[in-house]
Amino acid sequence: RKEVEQDPGPFNVPEGATVAFNCTYSNSASQSFFWYRQDCRKEPKLLMSVYSSGNEDGSFTAQLNRASQYISLLIRDSKLSDSATYLCVVNNRGGLTFGSGTQLTVLP
Amino acid sequence: DAGVTQSPTHLIKTRGQQVTLRCSPKSGHDTVSWYQQALGQGPQFIFQYYEEEERQRGNFPDRFSGHQFPNYSSELNVNALLLGDSALYLCASSQPTQPGLGNSYEQYFGPGTRLTVT
């Protein structure tokens, strides 16, 4: 079983749609959690850290459920510029463990 | 404020050769981590350097080694290259651990070095 598992995707949605990504992790001792986005042939960029209390950044909302070892990302009112691969990431005292990523394409 | 920089951007090597990749962290960051990203996969953690020592290592063979310099910059060395080493090599830096606050472990990536082994 992979340490971090994500929806396989790809997701193709119309502009303005709401889209949700889900992720589970296997190491209950994981300490910090993130969503990164990666554009084609570019480096991953930190989108947001994820906290148990939930957090928002513009049209992005992230949630962590430690009991279920589950992380989610919600994108509301999606824009063409949101098209990218979204990577679920956990950290266990040092190196980051990435999921395989979910590709999102927002269509005009 | 310069972000994480890496050199070279692209590299082509032959099987059996050795390669050195370089990374300069974001200003104010003292910890450097290296990752390997194969096509269609998420990045895989190679190792992390802090205070010029390897602090943590992922599941990579000893052919992969590194170094951190007093100015926090870092090198990744790969010996006896295999075709399977072809990948994007990413460097990430993070802020110092803050006493009492711990480390948020937010890591910021450089643009990567694309290595092709033929």
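Every chain is numbered from 1 and lettered A, B, ... according to where its sequence line falls, protein lines coming before strand lines.
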Next on the checklist: Could you go through B/Q37 and A/Q38, starting from their C-alpha distance and side-chain angles, then the distance that decides it, and tell me whether this counts as side chain to side chain donor-acceptor pair (under 3.5 Å)?
Outcome noted: CA-CA 12 Å; B/Q37 187 174 24; A/Q38 187 171 26; 2.9 Å; yes
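- Residues of residues 100-108 of chain A that come within less than 4.5 angstrom of chain B, heavy atom to heavy atom, are A/S100 in numerical order.
- Remark: B/L83 CG is packed, more than 12 non-hydrogen atoms of other residues, nucleotides or ligands lying under 6.0 Å away.
- Within the structure, every pair that satisfies the side-chain hydrogen bond (donor to acceptor under 3.5 Å, both in side chains) test and touches residues 78-90 of chain B, not counting sequence neighbours, is listed here: B/Q36-B/Y89, B/R63-B/D85.
- Annotation: side chain of B/L90 is in contact with side chain of A/P44 (closest heavy-atom distance under 4.5 Å).
- Looking at B/R114, the atoms closer than 4.5 Å to chain A (heavy atoms on both sides) all sit in the side chain, from C-beta outward.
- For CD1 of B/I12, the number of neighbouring non-hydrogen atoms (other residues, nucleotides, ligands) closer than 6.0 Å is 12 at most.
- Listed by first and then second residue, the side-chain hydrogen bond (donor to acceptor under 3.5 Å, both in side chains) pairs that reach into residues 71-87 of chain A are A/T61-A/R76, sequence neighbours excluded.
- In plain terms, the two heavy atoms of A/S49 and B/E106 that are nearest each other are OG-OE2, 2.6 Å.
- Using a 4.5 Å heavy-atom threshold, the side chains of A/L46 and B/Y108 count as touching.
- Proximity to chain A among residues 65-75 of chain B is not found for any residue, judged by heavy-atom separations below 4.5 angstrom.
- The two residues A/L96 and B/F45 make their nearest non-hydrogen contact at O-CB, 3.7 Å.
- No other option in B/G110, B/A92, B/G42, B/P43 has as many heavy-atom pairs under 4.5 Å with chain A as B/P43.
- Linking ILVMFWY side-chain heavy atoms closer than 4.5 Å, directly or via other members, places A/V89 and A/F21 in two distinct hydrophobic clusters.
- When the shell of 6.0 Å around CZ of A/R66 is examined, it contains more than 12 heavy atoms from other residues, nucleotides or ligands.
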Next on the checklist: Quick one, B/Q107 with A/Y36, criterion side-chain contact (heavy atoms from CB on, under 4.5 Å). Give me CA distance, side-chain angles, the key distance, then yes/no.
Outcome noted: CA-CA 10 Å; B/Q107 297 186 14; A/Y36 280 75; 3.8 Å; yes
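- Proximity to chain A (any heavy atom under 4.5 Å) is restricted, for B/Y35, to the side chain, taken from C-beta onward.
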